[in-house]
Amino acid sequence: MKTLSTWQLYGLLLLFLLGTSVVFGIASSAKQDAWITAFISILLGAALLWLYSKLYETHTDKNWSGLLTVSFGRFIGSILCVTYVFIFIYSAGRDLRDIGELTNTFLLPKTPIGITMALFQILVSYICYAGVERMGRLAELNVPVIFIIFLLEVILLVASGTVHLSLLTPVAAEWKPIIKAAIPGNLTVPYAEAFAFAAFWSKTMPPKGFRKAALLSCVTAGLIFIILDILAISTIGPELFSRSFFPLMATFHLVNFADFIQNIDPLIVTAFMIGVLFKISIFTYASCAMISDLWKVNVRSAVIPVSAIVFLFAFYMTESLSSHLFTGHQWATWVVFMPFYVIFPMIALLVIKLKKMVGIGGS
């Protein structure tokens, strides 16, 4: 049953894609060429989202759990379903840790990080319990808020006179760092992560509508990333941009409009929290949906147990911010995101197409 409008699904996908990137930035390792990497990532991300929509098109009544069974058989498909439950939980846990680290660093340094994450996950649980339809309604209300915050940030930073476009040079002096930053890093985060929608896409829109919303959100998010990268590099310089844990926070700390508006941290954190809230909610709901399909239980009955596990993953997964980011950029990208968000969907699409060509496994 399709429950979302195009605008609602676009809002969910856009907020999901923005997620943590509105603070961590995109392709910081490419330094002054990060914006080029962000542009390349739009093309790669759009191709990947198009592939997901084609996979959805093969069996419009099945979610990813059903497609796994069709592709790999009941036994292997069931094993992969259980694996994806924990993959989505792990992804949600990483993002929950991100919000905990940001809050602990900039807002509530004396508050235990566990308290912050627990309160945030309770809110996520409530959203997941409400269901996809209400999640979509909430998203369409928050998209204008994100756009307004983004415009205010850009206007105030430019008006402060701290933007120097000369810091963007030399342009594309070396292509190896640009490509290396795009693949797999910025292909998997955030674009490939959107595969979480496959766990419940039969509840959203038909494949053509899903494809339209996905591609539009991909382009919108990509353009925002390009603008933010250009502003960050032009303000704090490529070296600090590549070394900072929170480069966009460092960038907007330099806002000083007529010695009157000097601190826009609340705007940045608000945008970050909105994006991360929806990203964690989608991952959590995706895990619950996989459990529902696998063990034939109500999605709502899985929300509390899954949320508890997400919190435990987030709390115990790392001891410091630096190790957390290193694990995400170096390990999770290759071991988790590429195989499960890119390679397996490609294999599944190929297998389903081949089965249809030879006339087996068509349902």
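Owing to the predicted nature of the structure, the values given are computational and were not obtained by experimental measurement. Residue numbers count from 1 along this sequence. In what follows, every heavy atom counts, from backbone to side chain, and hydrogens, waters and symmetry copies are set aside.
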*Please answer whether the main-chain N or O of Ala214 pairs with a side-chain N or O of Ser217 as donor and acceptor at a distance below 3.5 Å.*
yes
*Heavy-atom closest contact (Ile149 atom, Ala271 atom, distance)*: CG2-CB, 4.0 Å
*Which value, rounded to the nearest 0.5 Å, describes the distance between Ser78 atom OG and Ile76 atom CD1?*
10.0 Å
_Counting C-beta onward and ignoring hydrogens, is there a side-chain heavy-atom pair between Pro207 and Thr60 closer than 4.5 Å?_
yes
*asked:* Is a donor from one side chain sitting under 3.5 angstrom from an acceptor on the other, for Thr111 and Thr116?
replied: no
_Determine whether a donor-acceptor pair (N or O, by modelled atom type, separation under 3.5 Å) exists between the side chain of Gln32 and the backbone of Pro170._
yes
*asked:* Would you say CZ of Phe72 has more than 12 non-hydrogen atoms from neighbouring residues, nucleotides or ligands within 6.0 angstrom?
replied: yes
_Heavy atoms of other groups near Phe257 CZ, more than 12 under 6.0 Å_ = no
*Evaluate the ring planes of Phe337 and Tyr341, with Trp represented by its six-membered ring, and classify them as parallel (under 30°), tilted (30 to 60°) or perpendicular (over 60°).*
parallel
*Is Ile280 linked to Ile122 within one hydrophobic cluster, defined over Ile, Leu, Val, Met, Phe, Trp and Tyr using a side-chain heavy-atom separation of less than 4.5 Å?*
no
*Taking Thr220 for the side chain and Leu216 for the main chain, is one N or O donor matched with an acceptor at less than 3.5 Å?*
yes
_Is it the case that over 12 heavy atoms from other parts of the model lie below 6.0 angstrom from the CZ atom of Phe313?_
yes
*Could you pull out the closest heavy-atom pair between His324 and Asp98, with the gap in Å?*
NE2-OD1, 2.7 Å
*Does the pair Thr327 and Met317 meet the rule for a side chain to side chain contact (heavy atoms under 4.5 Å, CB included), with working shown?*
CA-CA 10 Å; Thr327 301; Met317 68 170 42; over 6 Å; no
_Value rounded to 0.5 Å, distance of CZ in Phe272 from OG1 in Thr270_ = 12.0 Å
*To the nearest 0.5 Å, how far apart are CD1 in Ile224 and CG in Leu18?*
5.0 Å
*Do you know which two heavy atoms are closest between Gly222 and Tyr191, and how far apart they sit?*
CA-OH, 3.5 Å
*asked:* Taking Gln330's backbone N and O only, do any of them form a donor-acceptor pair with Thr333's side chain (distance below 3.5 Å, no angle check)?
replied: no
*Residue pair Ser125 / Ser307: nearest heavy atoms and the distance that separates them*: OG-OG, 2.7 Å
*Could you walk me through whether Phe283 and Phe16 pass the ring pair (Phe, Tyr, Trp, His ring centres under 6.0 Å) test, one step at a time?*
CA-CA 10 Å; Phe283 277 132; Phe16 179 92; 5.2 Å; yes
*Should we say atom CZ of Arg134 is surrounded by more than 12 heavy atoms from elsewhere, each under 6.0 Å from it?*
no
*Are Phe252 and Ile155 linked, directly or through other ILVMFWY residues, by side chains that come within less than 4.5 angstrom of each other?*
no
_Between Phe75 and Trp295, is there shared hydrophobic-cluster membership here, with clusters defined by ILVMFWY side-chain heavy atoms closer than 4.5 Å?_
yes
*Hey, is the main chain of Val70 close enough, under 3.5 Å, to the side chain of Lys355 for a donor-acceptor pair?*
yes
*So, do Val336 and Arg94 sit near enough that their side-chain heavy atoms are less than 4.5 Å apart?*
no
*asked:* Between Ile179 and Ile40, is there a side-chain heavy-atom distance shorter than 4.5 Å?
replied: yes
*Given the rule that I, L, V, M, F, W and Y join up when any side-chain heavy atoms are under 4.5 Å apart, are Leu165 and Phe241 in one cluster?*
yes
*Would Val306 end up clustered with Tyr129 when hydrophobic side chains under 4.5 Å apart are linked, directly or stepwise?*
no
*Enter the distance from Leu231:CG to Ile236:CD1 here, rounded to the nearest 0.5 Å.*
11.0 Å
*Do Phe246 and Leu321 have side chains that get closer than 4.5 Å, going by heavy atoms?*
yes
*Evaluate the side-chain proximity of Asp33 to Glu174: yes if any heavy-atom separation is below 4.5 Å, no if none is.*
no
_Side-chain heavy atoms of Ile282 within contact of Glu193, under 4.5 Å_ = no
*Given side chain to side chain contact (heavy atoms under 4.5 Å, CB included), test Leu228 with Phe150 step by step and report yes or no.*
CA-CA 9 Å; Leu228 289 176; Phe150 173 67; 3.8 Å; yes
*Measuring from Ser21:OG to Ile26:CD1, what's the distance to the nearest 0.5 Å?*
3.5 Å
*Could you walk me through whether Phe225 and Ile42 pass side chain to side chain contact (heavy atoms under 4.5 Å, CB included), step by step?*
CA-CA 10 Å; Phe225 294 150; Ile42 295 177; over 6 Å; no
_Heavy-atom closest contact (Thr284 atom, Gln121 atom, distance)_ = OG1-NE2, 3.7 Å
_If you define the side chain from C-beta out and look only at heavy atoms, does anything of Lys353 sit under 4.5 Å from Thr58?_
yes
*How long is the gap from OH on Tyr285 to SG on Cys128, to the nearest 0.5 Å?*
8.5 Å
_Does atom CZ (Phe106) have a neighbourhood of more than 12 heavy atoms from anything else shown, all under 6.0 Å?_
yes
_Checking Trp35 against Val171 for the side chain to side chain contact (heavy atoms under 4.5 Å, CB included) test, could you report, in this order, the C-alpha distance in whole Å, the side-chain angles of both residues, the deciding distance, and whether it holds?_
CA-CA 10 Å; Trp35 65 274; Val171 177; 4.1 Å; yes
*Within the side chain of Lys31, is there an N or O that forms a donor-acceptor pair under 3.5 Å with the backbone of Ser28?*
no
*Under 6.0 Å from the CH2 atom of Trp50, do we count more than 12 heavy atoms belonging to anything else shown?*
no
_Side chains of Ile268 and Leu248, heavy atoms from C-beta outward: is any pair under 4.5 Å?_
no
*Are Phe195 and Phe344 near enough that their ring centres are under 6.0 Å apart?*
no
*Has the side chain of Ser202 got a donor or acceptor atom that lies under 3.5 Å from a matching backbone atom of Asn63?*
no
_Over 12 foreign heavy atoms within 6.0 Å of OH, Tyr126_ = no
_Tell me whether Trp7 contacts the main-chain N or O of Ala213 through its side chain, where contact means a donor paired with an acceptor under 3.5 Å._
no
_Minimum heavy-atom distance between Ser71 and Val351, given as atom pair plus value_ = O-CG1, 3.3 Å
*Within the side chain of Asn298, is there an N or O that forms a donor-acceptor pair under 3.5 Å with the backbone of Arg300?*
yes
*Examine Phe197 together with Phe200 and report whether their ring centres are nearer than 6.0 Å.*
yes
